[in-house]
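Supplied in structure tokens, the structure appears directly below.
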Amino acid sequence: MKCKRCVLWKPSVKHFNLNAVTEVLRMEKKLKAGTWKNGRPKPIKILYPKKRDGLSIAIRDRVYRRSINDNVLYPATTKSFILDNCACQKGKGIDFARTRLKKHLWNYYTHYGADGYILQIDIKGYYPNMRHDAVKAKFRRYLDDDTYRRVCDILDTQYVGDVGYNPGSQMVQIAGISLLDDLDHYCKERLHVRYYLRYMDDILIIHQDKTKLREILAEIERKLRCIGFRLNDKKTHIAPLKRGFLFCGFEYHLTDTGKVIMSLNSDNIRHERRKLRKLVKLAKKGEVTREKVDECYRSWRANACKGTTYKMVQRMDHYYQSLWRY
């Protein structure tokens with residue numbers, strides 16, 4: 001039921017859904033007999049928000065892998081996670097990360113005021129440079145022999161070589177949030193970093209001393225090199241809190257009064273305007289429906305409203321209505 005959600009329009013998923021009992025029984029017999037073979041995923045191109053390679057997995061393989069992930073792999077690996085590991089978990093996600101960041105900023109302000117620095121860390125090519133042996137060693141610590149063998153069989157069938165995974169698999173997402181768990185504990189328990197947040201491979205640390213942040217950055221870089229990662233020099237930097245910083249699509253500013261202002265990234269607004277112009281043109285030609293265009297805009301608007309964006313959203317509403325008039 002989870003695997004078919006939002007993809008029931010695909011012919012292969014329709015076929016599997018209409019013959020669900022037969023298909024599931026066939027999978028069960030193969031698994032019990034030991035004749036199950038994992039299918040090969042199809043490579044796809046992801047274009048937004050940035051270009052990357054992904055994988056499309058057949059529905060039968062998705063059902064099998066989700067069963068392993070939800071029943072064994074996810075519960076076992078997430079037990080040791082810190083609260084500030086925010087991505088791809090039940091009860092957590094991008095909204096949780098934003099709320100947690102605002103709480104960190106407010107707590108910092110109550111102790112040190114608005115003067116301070118933020119260290120932003122980004123790993124260069126996180127999934128493409130993920131070492132297979134490091135992921136398997138991480139899973140080995142939490143799984144029994146049978147589940148570990150099945151997980152390794154899936155990963156070896158899906159990805160060739162010794163380095164690199166492509167997004168598209170739930171198992172790879174679990175690997176992504178798990179692999180840096182030791183680094184999270186090292187920063188919190190050994191370096192005693194109080195204001196720490198990680199969303200997949202994006203790490204934020206707030207501190208009042210710039211020299212201390214440089215020392216923390218050196219320690220984190222050393223730890224990352226041990227598991228085959230390098231920092232993205234363009235996105236890794238230390239900046240004053242008052243200057244503001246970008247995180248998960250919003251620009252954050254801490255004012256002198258302690259207020260946290262979340263303004264939407266200007267690139268996001270320009271992209272949405274271009275997208276709306278194209279969709280409205282297609283709708284006027286009859287190639288898409290007005291309801292579909294309205295749904296796309298409501299989705300963007302709901303995300304934009306989570307920031308300090310009342311006036312900007314009002315301007316976008318007027319702009320969107322004007323596209324239909326001309």
Inspect the surroundings of NZ in Lys124 and state if more than 12 heavy atoms from other residues, nucleotides or ligands are less than 6.0 Å away. no
On a heavy-atom basis, the closest approach of Ala134 and Leu179 is O-CD1, 3.8 Å
Hey, could you give me the NZ/CG distance between Lys275 and Asn268, rounded to the nearest 0.5 Å? 10.0 Å
Ion pair Asp95/Arg98, N-O distance below 4.0 Å: yes
Any side-chain donor paired with an acceptor under 3.5 Å for Tyr297 and Asp317? yes
Hydrogens and angles aside, do Tyr142 and Ser80 bring a side-chain donor and acceptor to less than 3.5 Å of each other? yes
Do Ile227 and Leu183 come close enough that some side-chain heavy atom pair is under 4.5 Å? no
Nearest non-hydrogen partners of Lys10 and Ser56, listed with the distance: NZ-OG, 4.4 Å
Rounding to 0.5 Å, atoms CG (Asp162) and CZ (Arg131) come to a distance of 9.5 Å
Check Lys138 with Asp182, please: is the shortest side-chain N to carboxylate O separation under 4.0 Å? yes
Closest contact, heavy atoms only, Leu254 versus Ala114: CD2-CA, 4.1 Å
Ile206 with Leu83, same ILVMFWY side-chain cluster at under 4.5 Å: no
Is the centre of the Tyr127 ring less than 6.0 Å from the centre of the Tyr165 ring? no
Does the side chain of Arg66 pick up a donor-acceptor pair with the side chain of Tyr74 at under 3.5 Å? no
Ionic contact status for Lys242 with Asp256, cut-off 4.0 Å: yes
Step through the shown structure and confirm whether more than 12 heavy atoms of other residues, nucleotides or ligands are within 6.0 Å of CZ on Arg230. no
Is there a side-chain contact between Asp202 and Gln120, using heavy atoms and a 4.5 Å cut-off? no
Should the heavy atoms of other residues, nucleotides or ligands under 6.0 Å from CG of Asp144 be counted, would the total exceed 12? yes
Test item: side-chain donor near acceptor, Tyr196 and Asp184, under 3.5 Å: yes
Would you confirm whether Thr308, through its side chain, and Ser263, through its main-chain N or O, come within 3.5 Å as a donor-acceptor pair? no
Check whether Thr110 reaches the backbone of Asn107 with its side chain - one donor and one acceptor, N or O, closer than 3.5 Å. yes
Can you check whether Arg194's main-chain N or O pairs, donor with acceptor, with Lys188's side chain at less than 3.5 Å? yes
A side-chain contact here means heavy atoms from C-beta on lying under 4.5 Å apart; do Val293 and Tyr320 qualify? yes
For a salt bridge (Lys or Arg N to Asp or Glu O under 4.0 Å) check, start with the C-alpha distance between Asp201 and Lys235, then their side-chain angles and the critical distance, and finish with the verdict. CA-CA 12 Å; Asp201 64 321; Lys235 296 183 179 180; over 6 Å; no
Are the side chain of Arg190 and the backbone N or O of His185 linked by a donor-acceptor pair below 3.5 Å? no
Just so I know, are the side chains of Phe250 and Asn303 near enough to count as touching, which here means a heavy-atom distance under 4.5 Å? yes
Would you say Ile118 and Leu246 are hydrophobically clustered, going by side-chain heavy atoms of ILVMFWY under 4.5 Å? no
Here the gap from Leu204 atom CG to Asp122 atom CG, rounded to the nearest 0.5 Å, amounts to 10.5 Å
Electrostatic pair Glu219-Lys223, nearest N-O below 4.0 angstrom: no
Phe139 and Tyr148 aromatic centres sub-6.0 Å: no
Determine, for Asp153 against Arg150, whether the closest basic-nitrogen to carboxylate-oxygen distance falls under 4.0 angstrom. no
Look at the side chain of Thr236 and the backbone N and O of Asn232, then say whether any donor-acceptor pair between them is shorter than 3.5 Å. yes
To the nearest 0.5 angstrom, please state how far the NZ atom of Lys92 sits from the OG1 atom of Thr99. 12.5 Å
Shortest non-hydrogen pair, Ile177 vs Ala87, comes out as CG2-O, 3.4 Å
Do you reckon Leu264 sits in the same ILVMFWY cluster as Met262, going by side-chain contacts under 4.5 Å, direct or chained? yes
Taking atom CE of Met130 and atom OH of Tyr159, what is their separation to the nearest 0.5 Å? 9.5 Å
Are Phe96 and Ile174 in one and the same hydrophobic cluster, where Ile, Leu, Val, Met, Phe, Trp and Tyr link if side-chain heavy atoms are under 4.5 Å apart? no
Taking Val13's backbone N and O only, do any of them form a donor-acceptor pair with Asn17's side chain (distance below 3.5 Å, no angle check)? no
Are Lys2 and Gln170 packed together at the side-chain level, in the sense that at least one heavy-atom pair is separated by less than 4.5 angstrom? no
Let's go through Arg26 and Glu23 carefully: what are the C-alpha distance in whole Å and the side-chain angles of both, what is the deciding distance for salt bridge (Lys or Arg N to Asp or Glu O under 4.0 Å) to 0.1 Å, and is it a yes or a no? CA-CA 5 Å; Arg26 185 181 292 121; Glu23 293 287 347; 3.2 Å; yes
Check for a donor-acceptor pair, side chain of Arg225 on one end and backbone N or O of Gly228 on the other, with a separation under 3.5 Å. no
Given Ile205, which partner from the list Leu191, Ile220, Leu197 fulfils the side-chain contact (heavy atoms from CB on, under 4.5 Å) test? Ile220
Of the non-hydrogen atoms in Tyr108 and Asp115, which two are nearest, and what is the gap between them? OH-O, 2.8 Å
Would a 4.5 Å heavy-atom cut-off, applied to side chains only, mark Phe16 and Cys3 as touching? no
List the steps and the verdict of salt bridge (Lys or Arg N to Asp or Glu O under 4.0 Å) for Arg270 and Asp267. CA-CA 5 Å; Arg270 284 193 292 269; Asp267 291 338; 2.3 Å; yes
Are Tyr195 and Asp84 close enough that a side-chain donor and a side-chain acceptor fall under 3.5 Å? no
Does a side-chain heavy-atom distance below 4.5 Å link His132 with Leu155? no
Should Val72 and Val151 be marked as a side chain to side chain contact (heavy atoms under 4.5 Å, CB included) after you check the CA-CA gap, both sets of side-chain angles, and the distance that decides it? CA-CA 10 Å; Val72 185; Val151 168; over 6 Å; no
Nearest 0.5 angstrom please: Ile44 CD1 to Asn166 CG, how far? 9.5 Å
ILVMFWY network linking Met312 to Ile261, side-chain heavy atoms under 4.5 angstrom: no
Is there a donor-acceptor contact under 3.5 Å from the side chain of Asp61 to the main chain of Ile57? no
Using a 3.5 Å distance criterion without hydrogens, assess whether the side chain of Ser322 forms a donor-acceptor pair with backbone atoms of Tyr319. yes
Heavy-atom side-chain contact between Arg62 and Val7 under 4.5 Å: yes
Please indicate whether Arg222 has more than 12 foreign heavy atoms, meaning atoms of other residues, nucleotides or ligands, lying under 6.0 Å from its CZ. yes
